[in-house]
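Whatever order the structure lists them in is the order used to number ligands and atoms, beginning at 1.
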Amino acid sequence: MSKIIDEKLEGLFQDVVKRNPGEVEFHQAVREVLESLGPVLVKYPEFGEHKIIERICEPERQIIFRVPWQDDAGQVQIHRGFRVEVNSALGPYKGGLRFHPSVYLGIIKFLGFEQLFKNALTGMPIGGGKGGSDFDPKGKSDGEVMRFCQSFMTELYRHLGEYTDVPAGDIGVGTREIGYLFGQYKRITNRYESGVLTGKGLDWGGARARKEATGYGAVFFLNEMLKVRRTPLAGKTCIVSGSGNVAIYAIEKLQQLGGKVVACSDSGGFVHDKKGLDLALIKQLKEVERRRISEYATHHKRAHYVAKGNLWEIPCDVALPCATQNELTGKDATTLVKNGCRAVAEGANMPTTPEGVRVFLKAGIAYGPGKAANAGGVATSALEMQQNASRDAWDFEFTEQKLAGIMKGIHQRCYETAEEFGTPGNYVNGANIAGFIKVAKAMVALGLI
Ligand code: NDP
Ligand code: 2IT
């Protein structure tokens, strides 16, 4: 990279920090992408002339709104809703909604920024966006969640549409929440517009394999990385953080392919079961009863639960962070590598801190960053949109095959791009560069809009 480009990118980054004060996760996501882009600006000087990076770092539209609702005790509650429409050069804004008390603008902007490149990598016609609220669905009754979702959609609906902006789930937003959101959208607009939301239930326009897609996709990506290294997944000891939608289906696919998954977690702590996790029990506890993972150990005496413990200290061959951003630090990465971990695939968005990423890259292990490894969820959302548009419903095997093919394609794109730009095996550069070039070329073609 030339010194001039280095300085230009550093200046661009400092502008982003100045224009978006306090949004540390957004700064982190931007910095990580910019660090890959020096050689791209040398190869494509027109991206600099068209100020593509400056434009990408400024979302097309940012919507912030009040969400008032009434709890079961009759008390009025006020939350804040967000939708950040990052970029629509490749298609309608697409990306999930996160309901979690930690949500603020900086989290939604980082997620939307990552989403843009991830969506580009899938090769499907979808732009980037993200939304959510600081509402916490945990511990709320179905009625409270419904009233919140109805209030949220009463503002958001005017910004959505199957050709405009298509939300889906993320942390705290699953089929239940998507159902209430879709019901309110339908009621307000008087349109059964299935393609306006993805992650719907199978009885009302949802796609088979969407629920499984992010976790399965992360394992397909992992498997592709292992194939390059001629290492089989079967027999490997694996750990997975989280025990939500992504974690559960990552565990399922790891087990199907012969991996031995010995630990998973939630925000309270982790459970360690040396015999291998009982996934049916985890599904029952988490998907059906909405309980804490600590209860796993009350059902299986052989397992032990560690409150507030550090999951990454468990020795493993393969680690899949599937909970949340910055859950795996530089120190954790060092511990993992020291204990023999040779492959990491990120089901979550930006789960590894920049220090952690550096440790993995330096150690030369197979490291698949979230925007590549977890793209199977949004890719299958795009398949759901396809089925909705053609009023069709594909079977599970067909859809899973498509997902597997898409993940193979993403892996190949990242692998080849990393090589082309002089950093073979570096999937961080591969993903950032391949995703960016696709968006940038479309933006140049569409003119200054
Ligand atoms: P869920 O809400 O289903 O599950 C989230 C899991 O992560 C829970 O086990 C939760 O524990 C844990 N978690 C959440 N926040 C924290 C925190 N601050 N500290 C520790 N643990 C935490 O969400 P998903 O499984 O859908 O999402 C998980 C990750 O995957 C997120 O990063 C999301 O952005 C990403 N992702 C999701 C996709 C999807 O299709 N759903 C697609 C691509 C990426 P607890 O219940 O205790 O809060
Ligand atoms: O981070 C993600 O890719 C998601 N939460 C899924 C987005 C989607 O539109 O399916």
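Residue Thr214 does not touch ligand 2, judged by heavy-atom distances below 4.0 Å. Proximity of Cys322 to ligand 1, defined as any heavy-atom pair under 4.0 Å, is confined to the backbone N, CA, C and O atoms. Contacts between Glu114 and ligand 2 below 4.0 angstrom, taking non-hydrogen atoms only, are absent altogether. Counting heavy atoms under 4.0 Å from ligand 1, residue Arg210 touches it through the side chain alone. Only the side chain of His100 comes within 4.0 Å of ligand 1, counting heavy atoms alone; its backbone N, CA, C and O stay farther away. With a 4.0 Å heavy-atom cut-off, ligand 2 is reached by no atom of Lys371.
Between atom 4 (C) of ligand 2 and the options Lys130, Arg98, Glu384, Lys94, the minimum heavy-atom separation is to Lys130.
Between the side chains of His300 and Asp273, no donor-acceptor pair of N or O atoms lies under 3.5 Å. Side chains of Asn223 and Lys253: a donor-acceptor N/O pair is absent below 3.5 angstrom, by distance only.
Checking only distances, Gly172 does come within under 3.5 Å of ligand 1, N or O to N or O.
Considering only non-hydrogen protein atoms, atom 25 (O) of ligand 1 sits nearest to Val246 N, 2.9 Å. Ranking protein heavy atoms by distance to atom 6 (C) of ligand 1, first place goes to Gly244 N, 4.0 Å.
For atom 10 (C) of ligand 1, no protein heavy-atom neighbour is found at a distance under 4.0 Å.
Interface of Asn245 with ligand 1, defined as ligand atoms under 4.0 Å from a residue heavy atom, comprises 3 (O), 25 (O), 26 (O), 41 (N).
Aromatic rings from Phe82 and Phe152 are positioned such that their centres are separated by 6.0 Å or more.
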